[in-house]
Every structure is written in structure tokens, then in C-alpha cells.
Engineer: 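If you scroll down you'll find the structure; I have some questions about it.
Note that the structure is a prediction, hence the values are computed from the model and not measured. We number each residue from 1, following the sequence as shown. Atom set for the values below is all heavy atoms of this structure, side chains included, hydrogens, waters and symmetry mates excluded.
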Amino acid sequence: MIKLIALTKYLKERQLVLPEQLDSWTDQVHLELIWKPDVGGMRMGDMRYSATIAFERFADHPGRLMALVGSWLEANDPSRDRDELPAPKFDISMLDNDLADVDITLEFNEPQYLAEDPAGEIEAFGKTWAFVPFDLWIAEHGEVGSNGR
């Protein structure tokens, strides 16, 4: 749930409400097992989950909040289209003319990786593995050269 934690931290840093007025949690978690060898280990599966981020007594412009969430997703969750994740939903309940409670619901997909480890606790395919959270970096640009040609 790395993405939910990171987005929540980002929104807290924007000081949209007091820290005690912002909370987040997961609602449903599903694991699709893949078991595919990958860079530095094994892609065990994909964890897909829905999440809620709740603001109490939000007094800022809703458009600012939507822009902040949208821009964070654009920069930090670029595979949303490929993973066919729905757009975030904003549920705004007006408390008076200036204050609202806001619940943002959204879905995330995060790959889960294992690294081969003789002392690991996970046994699969005749080997032992350790759960290792890591970011998978994929080259977007590159060059191939051969001795100055």
C-alpha cells in the first residue's frame, strides 16, 4: 500500500486541513498471483486495492484538491491506464457554506516481488524467497554501441 501512503503524505504536506482531520485506509485488497521471473527475482503477483482518503472540515476550493490528486497520480502512478483503474471519485458533503467533509475513493495496483534468499521464509518452485519491496525501474531511453561504430 505504498502508493496510498505516499499520496496521503503528499496531501498532508499541502496543509489542506489539520493533520488530525485527514485520514486514509484501504477498503478491499485483492491479490492476483502471477509467478513470473523478473529483474532480480520473482514477480509474485499484483495487489489491487481500493482506498479512501477522508478530509474533515475541508475549507479550500475542491478544484485545488482535485488538481493535486490528479497531478500526483499523473506523476506517481503512470500505469493507471494500462491497469484499467477508474478515475478517483470525490464525495463532498457540505457542512455549511464554507466547510465540507470530503471522501476520495480510488484504486491502486502494486506489483509484489520476491527475491531468492537461502534464509527466506517463502517456499515456491523448489527455492526459498524473501519478500522484498522494491521499485522496478524500466529504461525509457537507451543506446546500443559497438566499439565506436
Side-chain angles (χ1 to χ4, degrees), residues 1-124 127-142:
M1 295 160 206
I2 295 168
K3 292 177 184 177
L4 175 60
I5 293 168
L7 176 55
T8 301
K9 180 179 181 241
Y10 171 81
L11 293 172
K12 282 185 178 182
E13 290 170 351
R14 300 293 143 328
Q15 300 178 354
L16 299 161
V17 293
L18 296 173
E20 61 270 13
Q21 294 171 277
L22 192 155
D23 196 8
S24 64
W25 60 88
T26 58
D27 297 309
Q28 298 176 358
V29 180
H30 303 279
L31 177 65
E32 176 190 354
L33 293 172
I34 295 174
W35 300 110
K36 176 182 169 187
D38 209 324
V39 177
M42 175 80 69
R43 183 173 178 174
M44 179 191 73
D46 286 341
M47 176 178 60
R48 187 170 176 151
Y49 61 96
S50 59
T52 300
I53 301 174
F55 293 82
E56 294 178 1
R57 298 182 303 283
F58 178 78
D60 207 332
H61 194 285
R64 177 178 177 224
L65 177 58
M66 292 175 184
L68 288 169
V69 171
S71 65
W72 187 93
L73 291 172
E74 177 65 27
N76 297 281
D77 198 8
S79 63
R80 293 186 70 77
D81 287 339
R82 184 185 70 229
D83 293 335
E84 298 179 359
L85 298 176
K89 295 179 184 173
F90 293 80
D91 181 18
I92 301 171
S93 300
M94 296 306 297
L95 302 174
D96 62 26
N97 288 338
D98 299 319
L99 295 175
D101 286 344
V102 180
D103 287 347
I104 305 167
T105 55
L106 59 166
E107 290 185 27
F108 290 110
N109 190 54
E110 297 180 16
Q112 303 298 302
Y113 293 96
L114 304 176
E116 193 172 343
D117 181 351
E121 66 180 338
I122 301 161
E123 296 179 15
K127 298 178 181 179
T128 56
W129 306 83
F131 175 76
V132 182
F134 68 93
D135 292 325
L136 179 64
W137 294 89
I138 299 171
E140 294 181 3
H141 305 283

Engineer: For the residue pair Met66 and Phe90, establish whether any side-chain heavy-atom pair is separated by less than 4.5 Å.
Structural biologist: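 The answer is yes; the side chains approach within 4.5 Å.
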Engineer: Using the side chain to side chain donor-acceptor pair (under 3.5 Å) criterion, which residues pair with Asp77? Sequence neighbours excluded.
Structural biologist: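 Result, side chain to side chain donor-acceptor pair (under 3.5 Å) vs Asp77: Lys3, Arg80.
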Engineer: Considering only residues two or more places apart or on different chains, which pairs with a residue in residues 20-42 satisfy ring pair (Phe, Tyr, Trp, His ring centres under 6.0 Å)?
Structural biologist: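 Only Trp35-Phe125 qualify under ring pair (Phe, Tyr, Trp, His ring centres under 6.0 Å).
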Engineer: Going by the side chain to side chain contact (heavy atoms under 4.5 Å, CB included) test, name the single residue among Asp103, Asp101, Val102 that passes it with Ile92.
Structural biologist: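 For Ile92, the side chain to side chain contact (heavy atoms under 4.5 Å, CB included) check succeeds only for Val102.
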Engineer: Starting at OG of Ser79, measure out to CD of Glu110 and round the result to the nearest 0.5 Å.
Structural biologist: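 Ser79 atom OG to Glu110 atom CD measures 9.5 Å (nearest 0.5 Å).
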Engineer: Do Leu11 and Leu22 pass the side chain to side chain contact (heavy atoms under 4.5 Å, CB included) test, and can you show the C-alpha distance, the side-chain angles, and the key distance before you say yes or no?
Structural biologist: CA-CA 9 Å; Leu11 293 172; Leu22 192 155; 4.1 Å; yes
Engineer: Find the distance between CD (Gln21) and CG (Asp23) and round it off to the nearest 0.5 Å.
Structural biologist: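 So the gap between those two atoms works out to 12.0 Å.
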Engineer: Which pair of non-hydrogen atoms, one from Arg57 and one from Leu99, has the smallest distance, and what is that distance?
Structural biologist: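 Looking at all heavy atoms of both residues, the closest pair is O-CD2, 3.6 Å.
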Engineer: Closest heavy-atom contact between Ile122 and Ala130?
Structural biologist: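 Heavy atoms of Ile122 and Ala130 come nearest at CD1-C, 4.3 Å.
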Engineer: Does any N or O in the side chain of Glu116 come within less than 3.5 Å of the main-chain N or O of Trp129, such that one atom is a donor and the other an acceptor?
Structural biologist: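 Absent.
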Engineer: Thr128 side chain to Asp117 main-chain N or O, any donor-acceptor pair under 3.5 Å?
Structural biologist: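 The answer is yes, because a donor-acceptor pair under 3.5 Å joins these two groups.
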Engineer: If you measure from OG on Ser24 to CD1 on Ile5, what distance do you get to the nearest 0.5 Å?
Structural biologist: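 Reported to 0.5 Å precision, the distance equals 8.0 Å.
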Engineer: Does the pair Lys127 and Glu123 meet the rule for a salt bridge (Lys or Arg N to Asp or Glu O under 4.0 Å), with working shown?
Structural biologist: CA-CA 6 Å; Lys127 298 178 181 179; Glu123 296 179 15; over 6 Å; no
Engineer: Do side-chain atoms of Asp38 reach the backbone of Gly41 as a donor and acceptor pair under 3.5 angstrom?
Structural biologist: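 It does not hold such a pair.
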Engineer: May I ask you to test the Gln28-Glu107 pair for a side-chain heavy-atom distance under 4.5 Å?
Structural biologist: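 In short, these two side chains do not touch, never coming nearer than 4.5 Å.
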Engineer: One pair to check against side chain to side chain contact (heavy atoms under 4.5 Å, CB included): Ile53 and Leu4. What are the steps and the verdict?
Structural biologist: CA-CA 9 Å; Ile53 301 174; Leu4 175 60; 3.9 Å; yes
Engineer: Can you see which heavy atom on Met42 is nearest to which on Pro37, and at what distance?
Structural biologist: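 Met42 and Pro37 have their closest heavy atoms at SD-N, 3.6 Å.
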Engineer: Has Gln112 got a side-chain atom pairing as donor or acceptor with Met44's backbone, closer than 3.5 angstrom?
Structural biologist: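 Absent.
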Engineer: Should Val132 and Leu114 count as side-chain neighbours, where that means a heavy-atom distance under 4.5 Å?
Structural biologist: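 Not in contact.
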Engineer: Checking salt bridge (Lys or Arg N to Asp or Glu O under 4.0 Å) for the pair Glu32/Arg48: CA distance, chi angles, key distance, verdict?
Structural biologist: CA-CA 8 Å; Glu32 176 190 354; Arg48 187 170 176 151; over 6 Å; no
Engineer: Looking at Pro111 and Asp46, what are the two nearest heavy atoms and their distance?
Structural biologist: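 Where Pro111 meets Asp46 most closely, the heavy atoms are CA-OD1, 3.4 Å.
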Engineer: Would you say that more than 12 heavy atoms from the other residues, nucleotides or ligands in this model lie under 6.0 Å from the CD of Glu13, or not?
Structural biologist: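 More than 12 within 6.0 Å, yes.
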Engineer: Return the minimal non-hydrogen interatomic distance between Tyr10 and Trp72, and the atom names on each side.
Structural biologist: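 Distance-wise, the nearest heavy atoms are CG-CD1, 3.5 Å.
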Engineer: First locate atom NZ of Lys12, then atom CG of Leu18, and finally report the distance between them rounded to the nearest 0.5 Å.
Structural biologist: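 Reported to 0.5 Å precision, the distance equals 11.5 Å.
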Engineer: Which is it for Met1 and Val29 under the side chain to side chain contact (heavy atoms under 4.5 Å, CB included) test, yes or no, and what are the steps along the way?
Structural biologist: CA-CA 10 Å; Met1 295 160 206; Val29 180; 3.7 Å; yes
Engineer: Going by ring pair (Phe, Tyr, Trp, His ring centres under 6.0 Å), name the pairs with one or both residues in residues 36-71, residues two or more places apart or in two chains.
Structural biologist: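 Matches after skipping sequence neighbours: Tyr49-Phe108, Phe55-Phe58.
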Engineer: Is there a donor in the side chain of Asp27 and an acceptor in the side chain of Thr52, or the other way round, less than 3.5 Å apart?
Structural biologist: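 Yes, side-chain donor-acceptor contact under 3.5 Å.
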Engineer: Provide the closest heavy-atom pair for Ile104 versus Pro88 in the form atom of the first, atom of the second, distance.
Structural biologist: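 Smallest interatomic distance, heavy atoms only, reads CG2-CB, 4.3 Å.
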